[in-house]
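Structure record follows, encoded as structure tokens.
Within every chain, numbering begins at 1; the chains are lettered A, B, ... in the order of the sequence lines, protein sequences first and strands thereafter.
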Amino acid sequence: MRKGIIKFVSIALATACSIVAFGCRKPAGEQVDTSKKQLYVYNYNGGYGSDWLYKAKAEYEKQHENVQIMIDPQKPADANLMKSDITGGSNQVFFTEGQKFYSMASKDYFGDISEALTTANPYDNGKKIIDKLTTEQKEYYKLNGKYYGLPHYAGYFGLIYNIDVFEANGFYIAEGYDTTVGDINDMFTATANRSKGPDGKPGTSDDGLPATYEQFIALCDYISSASSNIIPVTWCGQYRKQYVGYPFNALVADFEGAEAFKMNYTMSGVADDLGKIVDGKFVKDAESTTINNENAYELARQEGKYQALKFLDGLTANGNYYGGNKFATNKDDANTAAINRLIRKQAAMLMEGVWWEAEAESGGYYKELNKQKSDFNMGWMPLPKANAEKVGQKSTLVDHISSLCFVRPDLDAETKKLAIDFIQFVYSDKMLVEFTKTTGTLKAVNYDISESDYSGLTTFAKSVIDFRKASDVVYAYSQNEIFVNNQADFDGREMYHSNYKYGTSDQCDSPVYAFIDDRIDNKKTPDVNKYFSGMYDYYSDKWDTFLGK
Amino acid sequence: MQEIAKNNPIRAGNTKKRVLSAEQKPAILQGIDMRAFNKKTIGRKNDLIFYSILLIWPILQFCVFYIYVNFNSFLLAFKNIRLIDGEYIVKPSVKAFQDLWELLSTEQMKNTALLSVLTWALNMVTMIPLGLLFSFYIAKKRVGASFFRIMLFLPSILSSVVMVTIYRYFINNALPKMLEDFFGMENVAPFLSRPPEVKYLMIFIYNMLVGFGVSVLMYANAMSAIPPEITEAAMLDGATGIKEFFYVSLPMVFSTLSVFIVTGVAGIFTNQFNLFSFFAGEAPFATFGYYLYKETVKWQEDMSHYPLLSALGLAMTLIAVPLTYAVKGALEKFGPKED
């Protein structure tokens, strides 16, 4: 009997090992059709999923009966691909994110795809893909006169709000209120008489939404006092450095505007809002500063960084604003838990990325409520402005995600031709729109969406598209020498280190730790001025390392 | 085959024909049974092939992942790499060591060093004694010994991601709920949402739970191999269970124990304490092992940062090697002897 059990367990384990060992060799699922030419396509199966690619495959195979697109959806813990990931497997075309394109291209990780970009696209009435790229994109993806990559999807972090919760509870800010007089309850309304919102224009989708940081904090205060069951703002606690850090970065960009914020990547331009703390207040320099590689650490003194710290300080000052008091769980829960709080109306606003709807859908959270994605009424909330003067200023988004489409460098001529053709197909207007319809998000290239396609999108997707149209976008990259040699330090989460005492350390990696963790764990009141001054000290001290000196 | 066999005096014919007469043998083979000799030679050849096949893979792995990687890392520490205009410019330099000196003088790294040593010390004072006691219990085949053996070893064969997920769920959800339901406590916060000291304790307990597997197996096997006459003699001399443990089992397994102590010292600089599995790159504290891993992931493809990481690795080796040998020497000199 005992021997029998041992035999059975041994066989079971051996079988399991075999399945694991051999199962890893090829993408599971589809069988190879030997009568067709295969094109192996890697897809980073993160927030945007793989459904869009399966649709592209079906459409492409319909048009090319002799081709079989083999999709390999992967979600490694670290999206970063190494050369062995690219040339060691069978995949030939890659759609992914979080790649350090310039470093990788310099090491010959990618094949030349200039032909796909610069020749007339047969699937797009002869349009060229290159014409869908911005000037900075064209510059970034070009190396030694050739193109080795293409931007894939657009990734913005920010605020999402539950429109139903806002309407049912009257969380919209009323026009003409005065924060200095009257009752806070008079400041808010459900539908009528909404204020103009951050764009400063009446009759637009942001009407009634908080226009300034002050209004935003007042809204949080109102929500937390009006309802004990609704958290004003929520986020993923476990990865708060990311889920709060990126929106913090977005606040800085929105304050600075595209040109001024871009200097953080290009290390070139004229900075006219640098300042320092004098007598406990931010005081702007009398003269502007010309930024170059040698002095780009001066950008740590940009006013937008100071203002974003003030915003974070206000938001985290009261645990009720973000559930720090009521829901201690927030500090270690996953992003899906935060998403659930939003769709279950336990939270009014969520700090997340534009791809969250696809994650909620693939996670089955809508189904749990016996609903569909389209049943929910969510909106992308424009970030509030630092002060009344800034209201009406064009918004700026940061595309932080470094998404990338490329081919492996060692393709034979026939496969390369097929890969180029497939890329052109995927970047045709029709398929770009199909991507948006499937994921509810945008590709990071320019294309138009017709009225009929637009009307079929969710409220949230529509709000993202509308906001994107009305905003400038900064892509978080450049070919500047300091940037390309220190890319990890220019990630939106990592750009705000400070010589600020945190715990037992003399440095703090992120304002998120100084303003959330220190408050909760160490019962310490953070100091905006010290953190801001500490950022300058940190970057001026470390700049020689950035320069490689 | 038959032809060959006919011509072969050993294979063909009967025993008499196969054995050479004393006169036929060369002087050097006088007195040797050639039949046995040839059988041994063939057997050895087969053994050699078998062992070569068996060892070729680990040796290859050792060559690539230890010798090559470490040699390359050593060279990297003395380089300055910079990406300029799409080309990597590599120059010999000691800049990485200057940067390292600066890095090590920060509070952050001092804390990292402190935590690495603390973690090792706590491991020594908790894991080893408990591991030995568990092993003694298992070796004595007391009630449920097989069950405990399997349960203690189980975490070693399960994926750490699975174990971390289960443990995380337990301390964040199940344990607070149990404290609320059974002890009437209110609003018990999840244990990984608490201050860093509590988090550290939770992670330490996890490492203890999953860390017994191999050591307990080894100690228990070593204890089981102690000749029963020795323990019987100790019993006859009136030794109790505790005395048997300290005066018989412990000295007899000391060579196994010392291996774990010595490798533990070397691990001060490499143990990442499962922090990455729990917090990815956002752990509230770090050991050297975690720091190196996190930074390597962070700077992947940013080659200009590799020299500093290599220099850090080299510096840690320079400390770890003499320390390990010192501990090994001390254990050999002062540790209990089997005799």
Side-chain angles (χ1 to χ4, degrees), chain A residues 13 77-78 80-83 99-107 109 142-144 237-242 245 326-333 479 481 484-489 491 493-494 501-510 512-513 517 520-523 541-542 544-545 547-549, chain B residues 80-89 91 93 95 98-99 102-103 105-112 114-115 157 161 168 171-173 176 187-199 202 276-282 284-286 295 297-305 307-308:
Chain A
L13 285 174
D78 179 18
N80 250 327
L81 293 169
M82 291 190 285
K83 190 159 191 182
Q99 304 302 313
K100 294 168 182 169
F101 168 78
Y102 192 77
S103 317
M104 295 165 87
S106 303
K107 285 188 270 186
Y109 280 20
K142 197 176 194 179
L143 198 72
N144 302 322
Q238 198 180 341
Y239 301 114
R240 55 196 173 280
K241 187 179 175 185
Q242 177 179 342
K326 278 183 280 185
F327 293 80
T329 45
N330 295 6
K331 247 184 111 214
D332 193 59
D333 59 13
Q479 287 198 359
E481 185 195 324
V484 297
N485 280 288
N486 303 278
Q487 283 190 64
D489 275 338
D491 180 276
R493 289 167 291 187
E494 303 288 350
K501 188 96 181 149
Y502 168 62
T504 53
S505 176
D506 52 3
Q507 284 176 357
C508 186
D509 289 353
S510 163
V512 174
Y513 295 143
D517 291 54
I520 296 176
D521 295 340
N522 305 324
K523 311 286 177 227
D541 285 354
K542 290 252 304 184
D544 274 354
T545 315
L547 285 165
K549 283 183 182 169
Chain B
N80 184 11
I81 305 171
R82 197 82 181 151
L83 176 58
I84 299 170
D85 295 331
E87 268 187 51
Y88 279 96
I89 312 294
K91 290 178 189 166
S93 167
K95 184 182 168 296
Q98 292 162 352
D99 292 345
E102 261 182 48
L103 178 74
S105 60
T106 61
E107 282 296 318
Q108 212 166 6
M109 289 311 285
K110 285 176 191 164
N111 289 338
T112 300
L114 195 69
L115 200 75
I157 53 172
V161 177
R168 177 189 285 279
I171 59 171
N172 274 350
N173 301 68
N187 297 326
V188 180
F191 284 83
L192 282 181
S193 289
R194 295 177 181 221
E197 307 85 66
V198 181
K199 280 185 191 151
M202 291 296 118
F276 205 83
S277 307
F278 275 96
F279 304 107
E282 298 185 18
F285 37 77
E295 289 296 299
V297 171
K298 177 182 169 185
W299 295 115
Q300 196 179 308
E301 305 307 335
D302 278 344
M303 276 179 70
S304 54
H305 290 264
L308 175 61

Open item on the list: As an exercise: rank A:Glu494, A:Lys549, A:Gln99 by heavy-atom pairs under 4.5 Å with chain B and give me the winner.
Closed with: A:Lys549
- [ ] Pick one of side chain, backbone, both or neither for A:Asp491, based on which atoms fall under 4.5 Å of a heavy atom in chain B.
- [x] neither
TODO: Sort A:Gln242 into side chain, backbone, both or neither according to what part of it lies under 4.5 angstrom from a heavy atom of chain B.
DONE: both
Task: Side chain, backbone, both or neither of A:Lys241 within contact of chain B (heavy atoms, under 4.5 Å) - done: both
Open item on the list: Any non-hydrogen side-chain atom of A:Tyr502 less than 4.5 Å from a side-chain atom of B:Glu107?
Closed with: no
TODO: To the nearest 0.5 Å, tell me how far A:Gln487 CD sits from B:Gln300 CD.
DONE: 12.0 Å
TODO: Give, for atom CD of B:Glu301 and atom CG of A:Leu81, the distance between the pair rounded to the nearest 0.5 Å.
DONE: 9.0 Å
- [ ] Check each atom of A:Asp489 against the heavy atoms of chain B and say whether the ones under 4.5 Å are side chain, backbone, both or neither.
- [x] both
Task: Inter-residue atom distance A:Asp333.CG - B:Leu192.CG, 0.5 Å rounding - done: 11.5 Å
Open item on the list: Taking A:Ala488's backbone N and O only, do any of them form a donor-acceptor pair with B:Asp302's side chain (distance below 3.5 Å, no angle check)?
Closed with: yes
TODO: Determine yes or no for a side-chain-to-main-chain donor-acceptor pair under 3.5 angstrom, with A:Asn485 supplying the side chain and B:Arg82 the backbone.
DONE: no
Open item on the list: Shorter than 4.5 Å, heavy atoms on both sides: which option in B:Leu83, B:Ile81, B:Val297, B:Thr106 has the most such pairs with chain A?
Closed with: B:Leu83
TODO: Name the member of A:Arg493, A:Met104, A:Glu481 that forms the most heavy-atom pairs with chain B at distances under 4.5 Å.
DONE: A:Glu481
- [ ] For chain A, find which of B:Arg168, B:Met303, B:Glu197 contributes the most heavy-atom pairs closer than 4.5 angstrom.
- [x] B:Arg168
Task: Closest heavy-atom pair and its distance - B:Glu282, A:Tyr239 - done: OE1-CA, 3.3 Å
TODO: Against chain A, label B:Lys95 side chain, backbone, both or neither, depending on which of its atoms sit under 4.5 Å from a heavy atom there.
DONE: side chain
- [ ] Between chain B and each of A:Gln479, A:Lys107, A:Lys83, count heavy-atom pairs under 4.5 Å; write down the option with the most.
- [x] A:Lys107
TODO: Check whether any side-chain heavy atom of B:Tyr88 lies under 4.5 Å from a side-chain heavy atom of A:Ser103, and answer yes or no.
DONE: yes
Task: Pairs of heavy atoms under 4.5 Å with chain B: top-ranked of A:Val484, A:Thr545, A:Asp544, A:Leu143 - done: A:Val484
TODO: Among the options A:Ser106, A:Ala105, A:Ser510, pick out the one with the most heavy-atom pairs lying under 4.5 Å from chain B.
DONE: A:Ser106
Open item on the list: Is B:Asp85 close to chain A through its backbone or its side chain, or both, or neither, when contacts mean heavy atoms under 4.5 Å?
Closed with: backbone
Task: Residues in ring pair (Phe, Tyr, Trp, His ring centres under 6.0 Å) contact with B:Phe285, at least two apart in sequence or another chain - done: B:Tyr200
Open item on the list: Rounded at 0.5 Å granularity, tell me how far CZ in B:Arg194 sits from CD1 in A:Ile520.
Closed with: 13.0 Å
Task: Non-hydrogen atoms of A:Asn486 and B:His305 that approach each other most closely - done: OD1-NE2, 2.8 Å
Open item on the list: Within this structure, what is the CG-CD distance for the pair A:Asp541 and B:Glu102, rounded to the nearest 0.5 Å?
Closed with: 8.5 Å
